[in-house]
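Atoms considered below: every heavy atom in the structure, side chains included; atoms not considered: hydrogens, waters and symmetry mates. Below, chains carry the letters A, B, ... as their sequence lines are ordered, and counting in each starts from 1.
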There are 2 protein chains.
Amino acid sequence: MTRATIKDVSRVAGVSIKTVSRVLNKERYVSDDMRQKVEEAVARLNYHPSLAARTLAGRRSFQIGLIHDNPSPYYIFNMQAGVGQRCREANFRMIIQPCDINSPGLVDDIGALIDQAQLDGIIMTPPVTDVGTALAELFRRKIPVVRVQPGTDLTATSAVYIDNVQAADDMTAYLISLGHRRIGLVTGHANYFASGQRLTGYRQALQRAGIGFDAALIHPGQFDFQSGAAAAEALFALPEPPTAIFASSDEMAAGVLAAAHRMGISVPDQLSVAGFDDTDLAQVVWPSLTTIRQPIRDLGYAAADLLLEFGETIERRQLPHELIVRGSTAAPKG
Amino acid sequence: MTRATIKDVSRVAGVSIKTVSRVLNKERYVSDDMRQKVEEAVARLNYHPSLAARTLAGRRSFQIGLIHDNPSPYYIFNMQAGVGQRCREANFRMIIQPCDINSPGLVDDIGALIDQAQLDGIIMTPPVTDVGTALAELFRRKIPVVRVQPGTDLTATSAVYIDNVQAADDMTAYLISLGHRRIGLVTGHANYFASGQRLTGYRQALQRAGIGFDAALIHPGQFDFQSGAAAAEALFALPEPPTAIFASSDEMAAGVLAAAHRMGISVPDQLSVAGFDDTDLAQVVWPSLTTIRQPIRDLGYAAADLLLEFGETIERRQLPHELIVRGSTAAPKG
DNA sequence: GGCCCTGCTGACCACGCTGTCTGCTTTGGC
DNA sequence: GCCAAAGCAGACAGCGTGGTCAGCAGGGCC
């Protein structure tokens, strides 16, 4: 038994091939009578149109690409889930393309992907969003692009994002409201534009509260567990250590927790710890993390939505974040 | 500027279209002279063959599907990384299909995927591996299938797996060697065949050490954090609680840790905790988890390898696991 | 020298669908 | 009641490849 083709459907329905095609593509000018006959035949034969043939004959491939270079399984998983759901709704397919932003072959790889699969659009996540050569290649091919949390050339493509400045401000203000005055900040990788934005939000909240900025309290990290632990150790070693540490990712916050455990500093009694992202990690460590919920799945869904609804037209959409308070933060004692 | 086609290549190289096709597909009967001319033209035009056209004209689509219904981002991420790498090496593409094993549309969804994309093969991960109706649909279509860690019909398809019995035996034996006699076991979801295998390994190690089996020490879980915490609380409440708890996943082990923290039980002094999988979680919680490293990425790579190398021929491959000792286990005190 | 076999190349068609264009029928406005 | 416009259906070409088959050259055999 071989699979049914559009010919089989047209024969069973007693109409022309083109009419079947019209029904499948929801084109105008098909009578209800015809439409019904075709739909019955499709259901009876369990017919599914060949993507290859549609792509070859038509202008669309019904496929979009998701390009990422992000080490966090949680981020990728949720991103895929969001993009994937929107794709399913539109009967599109999603092609995943992991890449390495430091690889010299990056641009060629992306070009080959688009050529081979004839993608209808591209979604990029940070930090690939800010690789100029890759962006240029996409523009050259005039393919619709949506970037998630882009850092540069904000008006160049469609984009979805959260307000990183406000989010960091919210968390900092919350820690201040608990009574903290010396708040350590573990920043993210410099490649991520969001890192700088979060620093801005942090400073903004301090200033509003009339607390002076102390550069010694800022420590660079790489978004990962190790760098969080290292940053915590450096901050604890200060002459006047912080009573709270705000890490720019949950992974780094987990590193801070581990360092505190090792050094016998109890959380949240002696030290408050806050993260960013609300990955599943946040609820799995002990104590569970106060953090900023970043709606990664929704960002993915929105990115796919922009691509499918607007195509080349440039649109942008900002999604809300949320402050999630859990057990890792408390008022400083004394 | 539109993309180059095989026609352009043939014109530039001064040969027929078919000869270009032969070079691309590494067919026999092409002289070195011709091959070189074609390769130069391909490079000069930066030509990439259209997947759609190849699929339509030929018997292969150069695409394989990865079907999963697994809630763990870490598992999926690494699985994809392994399969993806092997695909890249073979210039194949990987189509991700998340699914819901409880959905009535499961079989239709899988059928539609294969029909639409004309996949050359399918990789399945647990628990989809053991859904009889889905397997039957794949057999009906005579499509090559590789299952990862299948639980049923072991000889029906190609498969890759680790020795779950031995792995659980190894961990249990290790805990016994530390001096533990009462060892709690938090099993996994009943849908996963591996859960039963791990119980077998646990019993096997106990028996070899001459320790009696106590059913009260076995507690069912769902592989997730919550059920791990709940199981730990139940086990602590026993008249004679365990001195060690072996959880069938790192997530559940993290739940055990959290419950212990909440109840003021120190790990590993008063309680040893062991996990399974060696996900990145294992190193992020405190104390870091003693666990069994399951080579998920390698399993994915091997699965894709079997598919690409052997096609319909049934092959199986067992990969090694490894006992990873970290800070969450120690000798029982007293 | 005629034969077949192997190595190599190209002409041509088919794959399953969409885009275009043609032509017929119905509707609506005066 | 006539004509233009809108509604509708189908014939046909072509998308960019791979498969089939025919054809040609050269070498080894009888």
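- Taking only side-chain atoms of A:Ser16, from C-beta outward, the nucleotide of D:dA11, C:dC8, D:dC8 with the closest atom is D:dA11.
- Seen from the ring of B:Phe62, B:Arg54 counts as a face-on cation partner, given the 6.0 Å and 45° thresholds.
- What separates CD of A:Glu27 from C1' of D:dA9 is a distance of 12 Å, to the nearest Å.
- Across D:dG19, D:dG10, D:dA9, the shortest atom-to-atom separation from the side chain of A:Val15 is found for D:dG10.
- OP1 or OP2 of C:dG10 has at least one side-chain nitrogen or oxygen of B:Thr19 nearer than 4.0 Å.
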* For nucleotides 23-28 of chain C, read 5' to 3', which letter fits each nucleotide if B means a protein heavy atom sits under 4.0 Å from the base, S means only the sugar-phosphate is that close, and - means neither? -> ------
For nucleotides 13-16 of chain D, list the nitrogen or oxygen atoms of the protein found under 3.5 Å from its nitrogen or oxygen atoms, one pair per line.
residue : atom : partner : partner atom : Å
D:dC15  : O2   : A:Leu56 : O            : 3.4
D:dC15  : O2   : A:Ala57 : N            : 3.4

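- With salt bridges taken as basic N to acidic carboxylate O contacts below 4.0 Å, none links A:Arg59 and A:Asp120.
- Here B:Arg59 reaches the OP1 or OP2 of D:dG19: one of its side-chain N or O atoms lies under 4.0 Å away.
- Checked against D:dA9, C:dT9, D:dG7, the side chain of B:Met34 finds its nearest nucleotide in C:dT9.
- Taking only distance into account, the side chain of B:Arg22 never meets the base of D:dG18 through a donor-acceptor pair shorter than 3.5 Å.
- A sub-4.0 Å separation between OP1 or OP2 of C:dG7 and a side-chain N or O of B:Ser31 is absent.
- Dashed line: the shortest gap from a side-chain N or O of A:Tyr29 to OP1 or OP2 of D:dC8 is not under 4.0 Å.
- Put simply, NZ on B:Lys18 is 16 Å from P on C:dA14, counting in whole angstrom units.
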